[in-house]
Amino acid sequence: MTYTKITESPSNHDHLEQLDTLSILTKMNEEDQKVATAVAEAIPHITQLVDGLAERFEKGGRLFYIGAGTSGRLGVLDASEIPPTYGLPHTRVIGIIAGGDKAIRKSVENAEDDTDQAWKDLMVHNVNELDVVVGIAASGTTPYVLGGIAEAKKNGLLTAGITNNPGSPLATSADIPIEMNVGPEFVTGSTRMKSGTSQKLALNMISTALMIRIGRVKGNKMVNMQLSNNKLVDRGARYVAEGLQIPYEQAEVLLKKHGSVKAAIDAGA
């Protein structure tokens with residue numbers, strides 16, 4: 001297979017150690033501005049993924065992210081935000097990182113090189129044909145991710161691959177390739193930078209669009225968010241007051257009685 005490993009290409013900038021702080025930050029920002037354009041070009045395939053996810057979610061399916069290092073951590077981050085933001089149980093969107101949860105904070109040696117482990121990690125959750133597996137790998141060559149995607153496809157699951165190397169093994173093996181060519185990193189090969197930023201943007205789009213599609217948002221509000229602190233209770237009360245056109249104090253009572261913005265609005269309508 002022949003493809004250009006853009007993520008390992010030399011930076012567009014050199015002699016970084018000779019730059020002053022303002023120049024470093026300005027040049028980094030210039031590179032970052034290329035990221036949103038690269039993500040925009042992947043929207044047709046992101047659309048395909050979200051539509052496939054929504055169809056399966058309605059039938060009880062789940063979304064799994066698999067990745068190693070920065071990519072794995074970003075998947076775990078996105079999954080961890082779903083319960084508090086949209087009120088779904090943590091078992092519906094699940095982030096799996098090579099090396100296990102301890103790898104979220106510290107790198108686990110050789111974890112990403114195990115081709116078989118991702119499928120074993122997925123099987124702990126008894127994955128089935130209604131589930132969707134999204135592999136995340138800037139290089140598109142991570143053995144942990146490639147092995148998981150291959151086994152998921154073999155077992156009838158819908159798969160997608162988020163990568164920053166178009167034409168990479170991950171892009172060609174997944175059912176839905178999400179390829180974001182952000183160009184060389186500011187520091188050569190440091191894919192936690194532009195590549196990681198593009199992955200975060202894509203994950204935001206995937207999970208947010210999915211939550212909207214399955215009815216976890218009303219208007220533009222997080223009506224199913226968990227009321228886990230005073231800030232969120234206050235936000236929820238304001239949402240209820242606005243939705244029902246009632247005083248804040250009355251809305252707060254309704255919210256605390258029914259436990260969610262949606263339930264309070266439905267009860268007060």
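In the displayed structure, Asn229 atom CG is contacted under 6.0 Å by more than 12 heavy atoms of other residues, nucleotides or ligands. Atom CG of Asn29 sits in a crowded spot, with more than 12 heavy atoms from other residues, nucleotides or ligands closer than 6.0 Å. Around the NZ atom of Lys218, the shell of radius 6.0 Å holds no more than 12 heavy atoms that belong to other residues, nucleotides or ligands. For His125, the NE2 atom sits in a packed shell: over 12 heavy atoms of surrounding residues, nucleotides or ligands are nearer than 6.0 Å. Remark: Arg192 CZ is loosely packed, at most 12 non-hydrogen atoms of other residues, nucleotides or ligands lying under 6.0 Å away. The 12-atom threshold is exceeded at NZ of Lys5, counting heavy atoms of other residues, nucleotides or ligands nearer than 6.0 Å.
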| message | I'd like to know whether Asn164 forms a side chain to side chain donor-acceptor pair (under 3.5 Å) with Ser198, so could you lay out the CA-CA distance, the side-chain angles of the two residues, the decisive distance to 0.1 Å, and finally the verdict. | response | CA-CA 8 Å; Asn164 300 99; Ser198 72; 2.9 Å; yes

| Residues Glu242, Arg238; criterion salt bridge (charged side-chain N to carboxylate O under 4.0 Å, His left out); working and verdict | CA-CA 6 Å; Glu242 179 184 331; Arg238 286 187 283 107; over 6 Å; no

| task | Step by step, work out the side chain to side chain contact (heavy atoms under 4.5 Å, CB included) result for Val93 and Arg62. | result | CA-CA 6 Å; Val93 180; Arg62 298 166 293 176; over 6 Å; no

Show me, pair by pair, the donor-acceptor contacts under 3.5 angstrom made by side chains of residues 105-120, not counting sequence neighbours?
{"unit_1": "Asp114", "atom_1": "OD1", "unit_2": "Asp116", "atom_2": "N", "d": "3.0"}
{"unit_1": "Asp114", "atom_1": "OD1", "unit_2": "Gln117", "atom_2": "N", "d": "3.2"}
{"unit_1": "Gln117", "atom_1": "NE2", "unit_2": "Asp121", "atom_2": "OD1", "d": "2.8"}

Mind listing the side-chain donor-acceptor pairs of residues 65-73 below 3.5 Å, one per line with the distance, residues two or more places apart or on another chain?
{"unit_1": "Tyr65", "atom_1": "OH", "unit_2": "Asp78", "atom_2": "OD2", "d": "2.8"}
{"unit_1": "Ser71", "atom_1": "OG", "unit_2": "Gln199", "atom_2": "OE1", "d": "3.1"}
{"unit_1": "Ser71", "atom_1": "OG", "unit_2": "Gln199", "atom_2": "NE2", "d": "3.4"}
{"unit_1": "Arg73", "atom_1": "NE", "unit_2": "Ala103", "atom_2": "O", "d": "3.1"}
{"unit_1": "Arg73", "atom_1": "NE", "unit_2": "Ile104", "atom_2": "O", "d": "2.8"}
{"unit_1": "Arg73", "atom_1": "NH2", "unit_2": "Ala103", "atom_2": "O", "d": "3.0"}

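By the 4.5 Å heavy-atom criterion applied to side chains, Leu77 and Glu81 are counted as neighbours.
We find that Lys194 and Glu31 are joined by a salt bridge, their nearest charged nitrogen and carboxylate oxygen being less than 4.0 Å apart.
Among all heavy-atom pairs drawn from Ser11 and Thr188, the shortest one is N-OG1, 2.9 Å. Closest of all the heavy-atom pairs between Ala251 and Ala241 is CB-N, 3.5 Å. When all heavy atoms of Asn224 and Arg216 are compared, the pair lying nearest together is ND2-O, 3.2 Å. Pairing each heavy atom of Arg235 with each of Met222, the nearest pair is NH1-CE, 3.1 Å. Minimum interatomic distance between Glu41 and Pro44 (heavy atoms only, all atoms of both residues): O-CD, 3.6 Å. Smallest separation of non-hydrogen atoms from Leu254 and Gly268: CD1-CA, 4.4 Å.
With hydrogens and angles left out, the side-chain atoms of His13 and Glu30 include no donor and acceptor closer than 3.5 Å. A side-chain N or O of Asp175 and one of Thr159 form a donor-acceptor pair less than 3.5 Å apart. Side-chain polar atoms of Glu185 and Ser195 form a donor-acceptor pair below 3.5 angstrom. At a cut-off of 3.5 Å, with distance as the only test, a side-chain donor of Asn165 or Thr7 sits close to an acceptor on the other residue. For the residue pair Ser23 and Asp20, a side-chain donor N or O sits within less than 3.5 Å of a side-chain acceptor on the partner.
Criterion: ILVMFWY side-chain heavy atoms under 4.5 Å apart, direct or through other members. Under it, Val217 and Leu88 are part of a common hydrophobic cluster. Leu227 and Tyr248 fall into different hydrophobic clusters, where Ile, Leu, Val, Met, Phe, Trp and Tyr side chains are chained together by heavy-atom contacts under 4.5 Å. Side-chain heavy atoms closer than 4.5 Å link hydrophobic residues (I, L, V, M, F, W, Y) into clusters, and following such links, possibly through other members, connects Met211 to Val50.
The cationic atom of Arg92 (NZ for Lys, CZ for Arg) lies less than 6.0 Å from the six-membered ring centre of Phe57 and within 45° of the ring axis.
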